[in-house]
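Reviewing the structure listed below.
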Amino acid sequence: MKVYIESYGCAANDADTNLMRNMILSRHEIVGDPWRADAIIINTCTVRGETERKIIKRIRELEDIRRKIGGKLIVAGCMAKAQPALVLNAAPEASLISPQRVSEILEVLESNVREIRITGYGAKSLEGAVKGGLTVTIPIAEGCLGNCSYCIVKLARGGLKSYSIEEIKRVVRKAVEEGAREIRLTAQDTAAYGMDIGTNLAKLLREILEIPGGYIIRIGMMTPNNALKIIDDLMEIYEDERIYKFMHIPLQSGDDEILKLMNRRYSVNDYKTIVRKFRSKYPMGFITTDIISGFPMESEEAHKRTIRVIEETKPDKVNVAKYSPRPHTKAAALPQLPESIRSERCREIVEVSRRISLERNMMHVGRIEDALVLKVDGETAKARMKNYRLVKINGCGEILGRTVKVKITGAKTTHLIGELTP
Ligand code: SAH
Ligand code: F3S
């Protein structure tokens with residue numbers, strides 16, 4: 001059978017797509033053009049309203065192709081799980097498969113009837129979901145322990161299910177042996193890792209770091225409440241040079257009342273404590289945070305408080321998203337702010353955070369830093385410094401996969417510019 005597959009969304013979804021792709025390749029052929037396929041798979045995301053609209057449009061297009069050439073359309077991923085009716089409205093004959101059951105893709109592909117598999121859990125193996133290369137992304141857990149009032153991901157990906165330390169170690173070891181230099185550990189909340197199986201992230205990291213080799217680990221996003229529980233242990237582990245001095249701690253709002261409405265289980269002060277502990281040890285360390293602008297009932301003062309927290313804690317990068325009401329979430333039932341206010345607040349936050357990003361990047365100009373080269377595009381190389389900053393190096397030779405010494409000569413909001421030093 002010829003199978004076409006396309007994928008949207010986060011690292012967890014990428015991992016699910018890899019798993020499906022590997023399973024399909026054991027028995028079928030993968031093609032790059034939906035018009036030449038006997039079956040079409042789309043692995044969906046639905047985190048925000050704009051994503052939803054884009055995906056639905058694409059499902060309609062693929063359904064149109066399928067109708068013309070015959071065969072099956074399979075809609076996988078978060079939208080299939082959280083909004084099956086919406087998907088079936090766009091493609092009435094589609095088969096559905098939830099993120100928990102992607103390992104059943106062959107049965108769904110090969111079945112003569114339409115399949116709806118969106119409840120319960122299938123058996124997912126981590127090995128099959130990890131793709132090799134210089135950078136390797138490894139999901140360490142599925143789902144989360146939160147219940148944030150704006151979040152549809154929870155509905156799609158469910159409660160926390162951590163992979164065992166042994167399984168993760170096995171995958172990391174294999175990746176390193178096959179030449180990986182950057183290991184990205186991801187999850188909806190990496191700080192919650194292990195809480196369902198009697199262990200924690202700090203223990204996992206200590207175990208992984210026993211694996212010898214010249215790799216470096218990027219720890220994915222951590223909710224502040226869970227990060228705070230292990231912060232001292234973590235800061236000790238960060239001393240290892242094989243951990244990027246990088247933290248992704250989504251704050252979402254700088255106002256305690258809004259955090260309560262969001263059902264986030266920390267205060268602004270908890271977030272500040274984490275930032276302070278990290279930055280007092282690693283002043284140049286990189287902090288990414290996420291903010292939702294214009295959450296229901298957010299007053300102008302609450303919004304200003306968010307801006308003040310950003311100015312005070314100076315995150316190196318802020319992912320700002322305009323609040324978007326999601327079906328089946330509690331926040332969607334609260335009184336909503338007009339679109340114009342949500343957009344205006346989003347713009348203000350982007351402006352402030354871009355200024356801070358540039359300011360923080362400027363601090364590096366003139367320094368000489370080690371950087372790991374992860375990509376070479378013609379004359380330009382892209383490398384990551386020990387604090388995860390991206391540096392673009394001009395006019396270089398065969399340096400892919402190597403750690404090089406770079407003199408930082410310039411700074412932009414999103415990256416640094418550098419040249420190789422002997
Ligand atoms: N587990 C993560 C969030 C995953 S969703 C956490 O603990 O925060 C990724 C990002 O999308 C979130 O950080 C949030 O900023 C944004 N997001 C999620 N739902 C949203 C919504 N309904 N409207 C706007 N942004 C949203
Ligand atoms: Fe969503 Fe909150 Fe979990 S943002 S993925 S419910 S930690």
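In each ligand, atom 1 is the first atom listed, and ligand 1 is the first ligand listed.
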Exercise. Is it the case that more than 12 heavy atoms not belonging to Met363 sit under 6.0 Å from its CE atom?
Worked result: yes

Exercise. Starting from atom 4 (C) of ligand 1, which protein heavy atom do you reach first, and at what distance in Å?
Worked result: Gln188 OE1, 3.3 Å

Exercise. Tell me, which protein residue and heavy-atom name are nearest atom 13 (O) of ligand 1, and how many Å apart are they?
Worked result: Asp290 OD2, 2.6 Å

Exercise. To the nearest 0.1 Å, how far is atom 21 (C) of ligand 1 from its closest protein heavy atom, and which atom is that?
Worked result: Ser324 O, 3.6 Å

Exercise. Would Asn43 and Met20 count as a side chain to side chain contact (heavy atoms under 4.5 Å, CB included) if you check the C-alpha gap in whole Å, the side-chain angles of each, and the deciding distance to 0.1 Å?
Worked result: CA-CA 10 Å; Asn43 196 11; Met20 289 193 279; 3.8 Å; yes

Problem set entry | Whether Arg264 lies under 4.0 Å from ligand 2, heavy atom | yes

Exercise. Considering the options Arg360, His248, Lys245, Lys317, which one meets the side-chain contact (heavy atoms from CB on, under 4.5 Å) requirement together with Phe286?
Worked result: Lys317

Problem set entry | Under 3.5 Å: donor-acceptor pair, side chain of Asp370, backbone of Lys386 | no

For this session: Look only at the side chain of Asp196 and the backbone of Ser162, and say whether a donor-acceptor pair between them is shorter than 3.5 Å.
Result: yes

For this session: May I ask you to establish whether Arg264 and Tyr266 are in a cation-pi arrangement, using a distance under 6.0 Å from NZ or CZ to the six-membered ring centre and at most 45° from the ring axis?
Result: no

Exercise. At their closest point, which heavy atom of Glu298 faces which heavy atom of Thr306, and how far apart are they?
Worked result: OE2-OG1, 4.5 Å

Problem set entry | Lys57 atom NZ: more than 12 heavy-atom contacts under 6.0 Å | no

Exercise. Hey, which atoms in ligand 2 end up nearer than 4.0 Å to a heavy atom of Gln188?
Worked result: 5 (S)

Exercise. What do we get for Arg326 next to ligand 1 when only non-hydrogen atoms under 4.0 Å count, side chain, backbone, both or neither?
Worked result: side chain

Exercise. Between Tyr238 and Tyr282, what is the ring plane arrangement, given parallel below 30°, perpendicular above 60°, and tilted in between?
Worked result: tilted

For this session: Cation-pi check, Lys161 to Tyr121: give yes when NZ or CZ is under 6.0 Å from the six-membered ring centre and within 45° of the ring axis, no otherwise.
Result: yes

Problem set entry | atom 25 (N) of ligand 1: nearest protein contact (heavy atom, Å) | Ala321 CB, 3.5 Å

For this session: Output yes if Cys148 passes the N/O/S-under-2.8 Å test against atom 3 (Fe) of ligand 2; output no otherwise.
Result: no

Exercise. Short list, please: which atoms of ligand 1 are under 4.0 Å from a heavy atom of Arg264?
Worked result: 6 (C), 7 (O), 8 (O)

Exercise. Below 2.8 Å, any N, O or S contact between Cys151 and atom 1 (Fe) of ligand 2?
Worked result: yes

Exercise. Counting each atom of ligand 2 from 1 as listed, which ones have a heavy atom of Lys154 under 4.0 Å away?
Worked result: 6 (S)

Seminar exercise, completed: Between Ile249 and Thr289, the two heavy atoms sitting closest are O-OG1, 2.5 Å

Problem set entry | atom 20 (C) of ligand 1: nearest protein contact (heavy atom, Å) | Tyr150 CD1, 3.8 Å

Exercise. Taking only heavy atoms of Cys144, which atoms of ligand 2 are found under 4.0 Å from at least one of them?
Worked result: 3 (Fe), 5 (S), 6 (S), 7 (S)

Seminar exercise, completed: protein heavy-atom neighbour closest to atom 26 (C) of ligand 1 works out as Ile292 CD1, 3.8 Å

For this session: Do me a favour and list the nearest non-hydrogen protein atom to atom 8 (O) of ligand 1 with residue, atom name and distance?
Result: Gln252 NE2, 2.8 Å

For this session: Answer yes or no: are there more than 12 heavy-atom neighbours, outside Lys281 itself, under 6.0 Å from its atom NZ?
Result: yes

Seminar exercise, completed: Here the atoms of ligand 1 under 4.0 Å from any heavy atom belonging to Thr223 are 7 (O)

Exercise. Which residue supplies the protein heavy atom nearest to atom 5 (S) of ligand 1, what is that atom called, and how far is it?
Worked result: Val47 CG2, 4.0 Å

Problem set entry | Region of Arg48 engaging ligand 1 - heavy atom pairs below 4.0 Å | side chain

Problem set entry | atom 4 (S) of ligand 2 - nearest protein heavy atom and its distance | Tyr150 OH, 3.4 Å

